[in-house]
Amino acid sequence: QVQLVESGGGLVQAGGSLRLSCAASGFSFTRYAMAWFRQAPGKEREFVAAISQRTGSRPYADSVKGRFTFSKDNAKNTGILQMNNLKPEDTAVYYCAASSGVIMSQLRSQSAYPYWGQGTQVTVSS
């Protein structure tokens, strides 16, 4: 049974940092693409970052490029989203997602990921 559990969310001031973790179980971690999405109040869920299982490519949303870093700790079956220089507009519920077969052109697409975590709240105060 595939399971994804996010942690590390919280309240932080603008300019601060948070480290989100996504603990994965029930599947071969190294063979799955992983991604982070987020949903702010009143807005649609949007892509944040991903890691391709095929190439290791790591696309980022333009809004987070240079501030967020997504990595995988294969030994711990954990995906880590390091978020620096946070802004109030980063406030959202953050979700991790996984998929066994994602082609490069679909890495940013929610529909490519059948497995999702429950989400973790990130709030950035100004």
Participant: Calculate, to the nearest 0.5 Å, the distance between atoms OG and CG belonging to S21 and L4 respectively.
Facilitator: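 Going from OG on S21 over to CG on L4, the span is 12.5 Å.
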Participant: Using only atom types and a distance under 3.5 Å, with no angle test, would you say the side chain of T78 pairs donor to acceptor with the backbone of K76?
Facilitator: yes
Participant: What's the shortest heavy-atom distance between G79 and F29, and which atoms?
Facilitator: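 For G79 versus F29, the nearest heavy atoms are N-CZ, 3.9 Å.
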Participant: Is any side-chain heavy atom of P114 less than 4.5 Å from a side-chain heavy atom of S99?
Facilitator: yes
Participant: Pair S17, N84 - check side-chain hydrogen bond (donor to acceptor under 3.5 Å, both in side chains), show working.
Facilitator: CA-CA 4 Å; S17 299; N84 298 327; 2.9 Å; yes
Participant: With a 4.5 Å cut-off on side-chain heavy-atom distances among I, L, V, M, F, W and Y, is there a chain of contacts connecting L81 to Y95?
Facilitator: no
Participant: Might you work through the side-chain contact (heavy atoms from CB on, under 4.5 Å) test for R19 and Q82, ending with a clear yes or no?
Facilitator: CA-CA 5 Å; R19 186 173 182 263; Q82 178 65 43; 3.5 Å; yes
Participant: What's the spacing between M83 CE and L18 CG if we round to 0.5 Å?
Facilitator: 4.5 Å
Participant: Would a 4.5 Å heavy-atom cut-off, applied to side chains only, mark T91 and Q121 as touching?
Facilitator: yes
Participant: Do Q39 and Y94 come close enough that some side-chain heavy atom pair is under 4.5 Å?
Facilitator: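 Not touching, per the 4.5 Å side-chain cut-off.
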Participant: Taking atom CG of N74 and atom OG of S28, what is their separation to the nearest 0.5 Å?
Facilitator: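 Spacing of CG (N74) from OG (S28) equals 9.0 Å.
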Participant: Applying side chain to side chain contact (heavy atoms under 4.5 Å, CB included), name anything that partners T55, two or more places apart in sequence or on another chain.
Facilitator: S52, S57, M104
Participant: Would you check if the side chain of E6 reaches a backbone N or O of G119 as a donor-acceptor pair within less than 3.5 Å?
Facilitator: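 Yes; judged by distance alone, with no hydrogens or angles, the pair exists.
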Participant: What residue pairs, at least two apart or across chains, pass salt bridge (charged side-chain N to carboxylate O under 4.0 Å, His left out) with a residue in residues 45-61?
Facilitator: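 Passing the test, one end in residues 45-61: R38-E46.
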Participant: Rounded to the nearest 0.5 Å, what separation is found between the CD1 atom of I80 and the SG atom of C96?
Facilitator: 12.0 Å
Participant: Testing the basics here: between I51 and K72, what is the closest heavy-atom pair and its distance to 0.1 Å?
Facilitator: CD1-CG, 3.5 Å
Participant: Is the shortest side-chain N to carboxylate O distance from D90 to K87 below 4.0 Å?
Facilitator: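 Answer for the salt bridge query: no.
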Participant: Surrounding OH of Y115 (heavy atoms of other residues, nucleotides or ligands, distance under 6.0 Å), is the total greater than 12?
Facilitator: no
Participant: How many angstroms lie between atom OG1 of T120 and atom CG of L20, to the nearest 0.5 angstrom?
Facilitator: 6.0 Å
Participant: Less than 4.5 Å apart, side chain to side chain, heavy atoms only: is that true for V12 and T123?
Facilitator: no
Participant: For W116 and F37, take the angle between the two ring planes, folded into 0 to 90°, and tell me which bin it lands in: parallel under 30, tilted 30 to 60, perpendicular over 60.
Facilitator: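 Ring orientation, 0 to 90° scale: tilted.
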Participant: Do V122 and Y60 belong together in a cluster built from hydrophobic side chains that touch within less than 4.5 Å?
Facilitator: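 Looking at the clustering, Y60 is in the same group as V122.
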Participant: Among the clusters formed by ILVMFWY side chains lying less than 4.5 Å apart, do L107 and M34 turn up in the same one?
Facilitator: no
Participant: Between Y32 (side chain) and A97 (backbone), is there a donor-acceptor pair under 3.5 Å?
Facilitator: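 No; judged by distance alone, with no hydrogens or angles, the pair does not exist.
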Participant: Applying side-chain contact (heavy atoms from CB on, under 4.5 Å) to Q110 and F47, what does each step give before you reach the verdict?
Facilitator: CA-CA 7 Å; Q110 296 180 52; F47 169 78; over 6 Å; no
Participant: Checking S126 side chain against P88 main chain: does a donor-acceptor pair fall under 3.5 Å?
Facilitator: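 Pair absent, no side-chain N/O of S126 close to backbone of P88.
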Participant: Go through the steps to decide whether V5 and Q118 satisfy the test side-chain contact (heavy atoms from CB on, under 4.5 Å), and finish with yes or no.
Facilitator: CA-CA 7 Å; V5 179; Q118 81 290 348; 4.3 Å; yes
Participant: Check whether V2 and W36 end up in the same hydrophobic cluster, where Ile, Leu, Val, Met, Phe, Trp and Tyr are linked by side-chain heavy atoms less than 4.5 Å apart.
Facilitator: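 Cluster IDs for V2 and W36 match.
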Participant: Is T30 close to Q53 at the side-chain level, that is, under 4.5 Å between some pair of heavy atoms?
Facilitator: no
Participant: Is there a continuous path of hydrophobic side-chain contacts, each under 4.5 Å between heavy atoms, that joins F68 to F70?
Facilitator: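 Result: yes, single cluster for both.
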